[in-house]
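Residues take their numbers from the sequence shown, with the count starting at 1.
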Amino acid sequence: RKQALTNQDKLQKGIHRIFSSGTGNPNLGISFSFCGALQEVDLSSYTASIEAEYTIQECYFLEKCILPNSLKSLDLNGLMRLTSINLPDSLESFPASFGNGIPISHLHIGSNVKEIGAQAFIGWQYLDSISVDPANQWFCAIDGVLFSKDTTELFKYAYSRKAGIYVLPQQTKVIVS
């Protein structure tokens, strides 16, 4: 007699792609962890407002991730092959450990992001530029470098930025990370 596989067992052993059906529980947190075969997640048609945090971690073969426009919080870690991710404008925060070691070259921060953890984006060695939606009230990017809107705090200098020497704006007083 065969034993039924749990959803987690199925993700670890053989599901390669996950697509959304367009409906769901807005208070349900979604987590993809240790998904050994997962290569693509597309939740773009998920329409419910998502209040709980999404977590995607240790999915080593995940290359592409399309997130729903209703997402407010997200944590990503251990995604060593992720080359493409859309971060929806609904996203409001990046937790402290967001995206450790993800091999993405460009990061766009949407208009609603108001909180970025001090250790977010650690190990993004391929990151060469950052952009911020001009409507964002809390952050801005100058020459691909992430600052507080008033430029008194530098949040992230891209490791792979092509400039040899970088001169901080005169009003910058704090380097956060």
Side-chain angles (χ1 to χ4, degrees), residues 26 29-33 40-44 46 49-60 62-177:
I30 294 180
S31 177
F32 300 109
S33 299
E40 181 179 355
V41 173
D42 183 346
L43 302 173
S44 59
Y46 191 89
S49 177
I50 301 167
E51 302 298 328
E53 182 176 282
Y54 264 49
T55 301
I56 303 173
Q57 63 181 2
E58 312 304 330
C59 298
Y60 298 114
L62 185 65
E63 296 176 359
K64 183 178 180 182
C65 187
I66 301 172
L67 300 168
N69 287 327
S70 55
L71 187 63
K72 293 188 180 187
S73 183
L74 172 70
D75 195 7
L76 301 174
N77 282 295
L79 307 176
M80 305 315 212
R81 291 190 181 184
L82 187 67
T83 57
S84 175
I85 186 168
N86 76 311
L87 297 174
D89 281 335
S90 59
L91 200 60
E92 295 176 352
S93 66
F94 292 104
S97 63
F98 181 84
N100 290 342
I102 292 177
I104 290 178
S105 61
H106 177 77
L107 172 67
H108 177 76
I109 296 174
S111 60
N112 291 314
V113 173
K114 54 186 166 190
E115 183 181 341
I116 297 176
Q119 299 297 313
F121 319 123
I122 293 293
W124 285 38
Q125 63 185 355
Y126 300 103
L127 187 65
D128 60 24
S129 67
I130 300 168
S131 62
V132 178
D133 188 301
N136 187 299
Q137 298 175 16
W138 298 275
F139 298 98
C140 70
I142 300 173
D143 297 326
V145 178
L146 181 62
F147 289 93
S148 59
K149 191 69 166 188
D150 64 3
T151 67
T152 59
E153 297 175 284
L154 184 150
F155 277 86
K156 182 67 179 174
Y157 181 89
Y159 289 123
S160 293
R161 196 168 177 279
K162 304 292 188 243
I165 295 175
Y166 184 75
V167 179
L168 288 172
Q170 187 173 3
Q171 60 274 25
T172 303
K173 306 292 182 218
V174 176
I175 298 175
V176 177
S177 64

Suppose we screen for side-chain contact (heavy atoms from CB on, under 4.5 Å). Which residues come up paired with T152, at least two apart in sequence or across chains? S148, D150

Partners meeting side-chain contact (heavy atoms from CB on, under 4.5 Å) with Y60 (sequence neighbours left out): E58, M80

Atom pair CD1 (I102) and OH (Y126), whose distance is rounded to the nearest 0.5 Å: 13.0 Å

Taking only residues two or more places apart in sequence, or in another chain, which ones meet S90 in a side chain to side chain donor-acceptor pair (under 3.5 Å)? none

Using side chain to side chain donor-acceptor pair (under 3.5 Å) as the criterion, list what pairs up with Q171, not counting sequence neighbours. T151

Just one of W138, F147, F139 clears the ring-ring contact (aromatic ring centres under 6.0 Å, His included) bar with F155, so which one? F139

Please find the pair of heavy atoms, one from [X] and one from [Y], that lie closest to each other, and give the distance.
| X | Y | result |
| --- | --- | --- |
| I142 | Y166 | O-OH, 3.9 Å |
| P103 | L82 | CG-O, 3.3 Å |
| L62 | E40 | CD1-N, 3.5 Å |
| I130 | K156 | CD1-CG, 3.6 Å |

Between S160 (side chain only) and Q125 (backbone N and O only), is there a donor and an acceptor less than 3.5 Å apart? yes

What pairs of donor and acceptor atoms, side-chain ones from residues 107-118 against any protein atom, are under 3.5 angstrom apart with sequence neighbours left out?
| residue | atom | partner | partner atom | Å |
| --- | --- | --- | --- | --- |
| H108 | ND1 | S131 | OG | 2.7 |
| N112 | ND2 | D89 | O | 2.8 |

